[in-house]
Amino acid sequence: MNSLDPDLEKRLVEMQRRIASRVVLQDQFSEEAVAGVDQAFSGELVISGAVVLSPSFRVLCTASHIMRAALPYVPGFLCFREGAPATKAVRDLDPKPMLLFVDGCGVNHPRMAGLACYVGIILGVPTIGISKDVLCGSFKKPENVGEAEPLIYREKTVGYGLLSRKGCRPIVVAPGHRISVDSALEVTRRYLKGQKLPEPCRLAHEYANKIKISRSPEPEASP
DNA sequence: GCGACAG
DNA sequence: ATCTTGTCGC
């Protein structure tokens, strides 16, 4: 029940291979304007929220986009469900981010085509993927807060498992586009503020949820 | 064949 | 992700 039509899947896999072929794992970012994008869901609707932060974590601007989901959630194909609304929200940001945190995988993906790669390639923006669970690969459990262990997939380090906060499970950090594996970890650490998720992700998540709640119908008072 | 499986 | 209340702990 979580599968795709074989022909559709074949086409999507081909698209992901094209995305992956364009991914750059070299540092080509700046931290002048860092943003985060995240999605909330309401039935068939995908609500995407994006937030740009100043170097001091001040919110500089926000943008959102709502649309019907094109696909159900299928592991490995998240970019085709959340990619369109996410890119549209980010496109409306001003100033434009020069580095973007995305909720989901980056190159730590079976075809090196996680949501962060997709958004990065489509927009030409440097991206970092932040996920709460591993899709593929594995890492040793980091012992102390701030510590990270390499996420290994097919003998390669594709990201890191980072213990971002006490009492929390480690988060997974991986580059999406135009940033190296090690820089993705380094920058993510810099954007942590005592919470499980780095600020751009946390604020984008909060923003997307606020939009969702503000649109949901108010409960009727029964006479 | 049996699990695992971003959000 | 979403459905959901209180509750244990820093």
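Naming: A, B, ... by sequence-line order, numbering from 1 per chain.
Computed from coordinates, the A:Tyr73 OH to B:dG7 P distance equals 7 Å when rounded to whole Å. Taking atom CD on A:Gln39 and atom P on B:dA6, their separation rounds to 16 Å, with Å as the unit. Residue A:Leu115 contributes atom CG, which lies 13 Å from atom P of B:dA6 at whole-angstrom precision. Rounding to whole angstrom units, CG of residue A:Asp133 and P of B:dA4 are separated by 13 Å. Nucleotide B:dG7 holds its C1' atom 16 Å from the CG atom of A:Leu45, rounded to whole Å.
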Any protein N or O atoms within reach of nucleotides 1-3 of chain B? Criterion: under 3.5 Å, listing atom names and distances.
none

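Of the residues A:Asp103, A:Asn108, A:Leu78, A:Ile171, the one that meets the side-chain contact (heavy atoms from CB on, under 4.5 Å) test with A:Ser131 is A:Asn108.
In DNA chain B, no run of at least 3 consecutive Watson-Crick or G-U pairs with both distances below 3.5 Å is found.
Here the closest heavy-atom approach between residue A:Ala208 and residue A:Gly49 is recorded as CB-N, 4.0 Å. Contact detail for A:Ala20 and A:Met112: the closest heavy-atom pair is CB-O, 3.6 Å.
Residue A:Lys132 has a polar side-chain atom (N or O) positioned under 4.0 Å from OP1 or OP2 of B:dG7.
Going from atom NZ of A:Lys196 over to atom OG of A:Ser164 covers 6.5 Å, rounded to the nearest 0.5 Å.
Side-chain polar atoms of A:Gln195 and A:Arg202 form no donor-acceptor pair below 3.5 angstrom. Side-chain contact of A:Asp182 with A:Tyr160: a donor-acceptor pair under 3.5 Å is present, judged by distance alone.
Extent of DNA chain C lying under 4.0 Å from chain A heavy atoms, first and last nucleotide in 5' to 3' order, is C:dA1 to C:dC10.
Ion pairing between a basic and an acidic side chain is recognised when a charged N comes within 4.0 Å of a carboxylate O; A:Arg17 and A:Glu14 show no such pairing.
Nucleic acid contact class of A:Phe77 (heavy atoms, under 4.0 Å, all strands): base.
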